[in-house]
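For ligands, and for the atoms within them, numbers begin at 1 and follow the listed sequence.
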Amino acid sequence: MKALFVAAECAPFAKVGGLADVVPSLARALGELGVETAVFMPRYRGVEEKSGLSEIASLTVPLAGEDRSCRILRGKHPKGDVPVYFLDHPPYFDRPGIYGERGEEYPDSLERFALLSRAALELPRALGWQPDILHIHDWHTSLVPVYSRFGVFPTGAGILLTIHNLAYQGTYPVERARGLGLPGEAVSALTHRGELNLLYGGIRFADLVTTVSPTYAREIQVDGEGLEGVLRERASRGELFGILNGVDYEVWNPETDPLIWANYSADDPSGKAINKAKLQGELGLSPEPDMPLVGMISRLVDQKGLDLVMAAFDRMMSLGIQFVILGTGNPTYERFFREAAGKYPGKATALITFSEEWAHRIEAAADIFLMPSKFEPCGLNQMYSLRYGTVPVVRATGGLADTVREYDPASDTGNGFVFEEYAPEAMLSALRRAVELYRGDPEAWRRLMVRGMREDHSWASSAREYLKLYRRLTG
Ligand code: ADP
């Protein structure tokens, strides 16, 4: 079995959010089950610093009124042996950003990712390597089944679409279809509510559709950001699945993590206190070992429940906590957290940047991880937190509901604290339960922490579910 992943992100080459973590780790997990996997993605600026690259083919793809000459470069993922093929077309991809700059989307992302999708269909011939499965991800690659179905570039491979976030659909005015080289009937088939909608096309024409948690797969059939109808249709034919993302424990493991100050494990979590003290020192938080440290790592966008944190911030701080946030995004949130850090010197701090290193350090140093998302397809940080002994406080939505269970003092079960209602008071009450246990019963806290650390959220079982779907597609 051979599978080609086609995606806009793949860590460490290009990362904006969870998609980048999932692509290489799922490809590797499937590799361990005997699937020959490869990844195809754009050659963004800076890729050459992270992998050797060799040119192996060239392609000419007609798009947006021009014959676009592209090179295919072969690289290697630093972990494991999954080959990564890069689409090199400097006018589209040699730019400072992946999707845009300074909060502005690139206006030609439709054409940029249409090029990636077209090239993905031509790649097998160029490589002399015919995949059985084209595993596409999100709207960026959703034109793959459309180009195939409408005869622009038919493929014999089965096409599986994984939706990582339905909030991003790739919508454009219908006139923009002109440069894509699609027949009129394909353009009509891609049009939803008066706009071109790439994800809509992907959902309609991929052979099977998955999303990244069972709960999200159910939720989006009720509220699917306008796509619930087509999602229900696929589900009613038994063609929509929710498969939980896994954690790459080679990257996210406090026992071996090279980015944290001190390694530790469930058997001996004592190093966690060292990480906390170091972080407090480096970020100017007062050196108090017993002060509950609440961490957040997040794209600063509405999805992540940051309006709840803003509304409750003073009340959160009055619970007697320290707070650290790492994130970039919406300027309103960036400003709020900068100002909040100024208002609570020694108690709150904000790193308004993207930093892999600090993401690992915060996971290792914090006692509590806050993730009050409005919706969350899967969410990775709550699972990273569990492994790092950082007790998650989450809203019960999507993958958060599938992975975090409320602590029950009577039976000493559960792995975190959960709230349902999307309201600051509900979030505050869950955080208060966490802080009270941390302060009031350190032994119970330690058991809760260690229980989370011992859970297995690796890819093993989820990769097997993907393999079942691959088999179904290949008969
Ligand atoms: P989403 O894909 O919606 O952003 P996930 O929880 O699935 O949410 O994945 C987020 C990933 O991005 C995690 O690996 C997280 O550590 C990382 N991340 C988000 N913001 C930052 C940041 N500012 N710096 C470093 N890593 C970040």
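- Note on ligand 1: Lys15 sits in its first shell, one or more heavy atoms being nearer than 4.0 Å.
- With a 4.0 Å heavy-atom cut-off, ligand 1 is reached by no atom of Trp358.
- At least one heavy atom of Lys304 sits less than 4.0 Å from an atom of ligand 1.
- Neither the backbone nor the side chain of Asn245 comes within 4.0 Å of ligand 1, counting heavy atoms alone.
- Within the 6.0 Å centre-distance limit, the rings of Phe323 and Phe313 are counted as a close aromatic pair.
- Contacts between Asn381 and ligand 1, counted as non-hydrogen atom pairs separated by less than 4.0 Å, involve both the backbone and the side chain.
- One finds no salt bridge joining Asp302 and Lys374 here, because no Lys/Arg side-chain nitrogen approaches an Asp/Glu carboxylate oxygen to under 4.0 Å.
- Considering backbone and side-chain N/O of Asp21, one or more are found under 3.5 Å from N/O of ligand 1.
- The closest approach between any non-hydrogen atom of Thr353 and ligand 1 is below 4.0 Å.
- Of all protein heavy atoms, the one closest to atom 27 (C) of ligand 1 is Phe354 CE1, 3.5 Å.
- No donor-acceptor contact under 3.5 angstrom links the side chains of Asn381 and Tyr388, judged on distance only.
- Comment: Arg43 engages Glu48 in a salt bridge, judged by a side-chain N to carboxylate O separation of less than 4.0 angstrom.
- With respect to atom 20 (N) of ligand 1, the closest heavy atom belonging to the protein is Ser298 C, 3.7 Å.
- Inclusion of Trp252 in the set of residues having an N or O under 3.5 Å from an N or O of ligand 1 is not warranted.
- Ring pair Tyr384/Trp252 is parallel by interplanar angle, where below 30° counts as parallel and above 60° as perpendicular.
- Within ligand 1, counting atoms from 1 as listed, the ones closer than 4.0 Å to a heavy atom of Gly327 are 23 (N).
- Figure legend: cation-pi geometry between Arg95 and Tyr106, with NZ or CZ positioned under 6.0 Å from the six-membered ring centre and within 45° of its axis.
- A salt bridge does not link Glu288 with Lys347: none of the charged nitrogens is closer than 4.0 Å to a carboxylate oxygen.
- Of all the heavy atoms of Pro377, none lies under 4.0 Å from any atom of ligand 1, so neither backbone nor side chain is involved.
- Close contacts of ligand 1 with Gly17, meaning ligand atoms under 4.0 Å from a residue heavy atom, involve 2 (O), 4 (O), 11 (C), 12 (O).
- Contact annotation: for Ile297 versus ligand 1, heavy atoms closer than 4.0 Å belong to the side chain alone.
- Looking only at protein heavy atoms, the nearest one to atom 2 (O) of ligand 1 is Gly18 N, 2.6 Å.
- Taking a cutoff of 4.0 Å between a charged side-chain nitrogen and a carboxylate oxygen, Glu406 and Arg433 qualify as a salt bridge.
- Centroid-to-centroid, the aromatic rings of His140 and Tyr99 come within less than 6.0 Å.
- The shortest N/O to N/O separation between Leu380 and ligand 1 falls below 3.5 Å.
- Note on ring orientation: taking the six-membered ring where Trp is involved, the planes of Phe5 and His135 are tilted (angle from 30° to 60°).
- For the pair Arg387 and Tyr249, the cation-pi criterion (under 6.0 Å, within 45° of the ring axis) is fulfilled.
- Scanning for salt bridge (charged side-chain N to carboxylate O under 4.0 Å, His left out) contacts around Asp138 gives an empty result, with sequence neighbours left out.
- For ligand 1, the polar-atom distance check finds an N/O of Arg299 within less than 3.5 Å of one of the ligand's N/O atoms.
- Contacts between His164 and ligand 1 below 4.0 angstrom, taking non-hydrogen atoms only, are absent altogether.
- In terms of protein heavy atoms, atom 25 (C) of ligand 1 is closest to Ser355 O, 3.2 Å.
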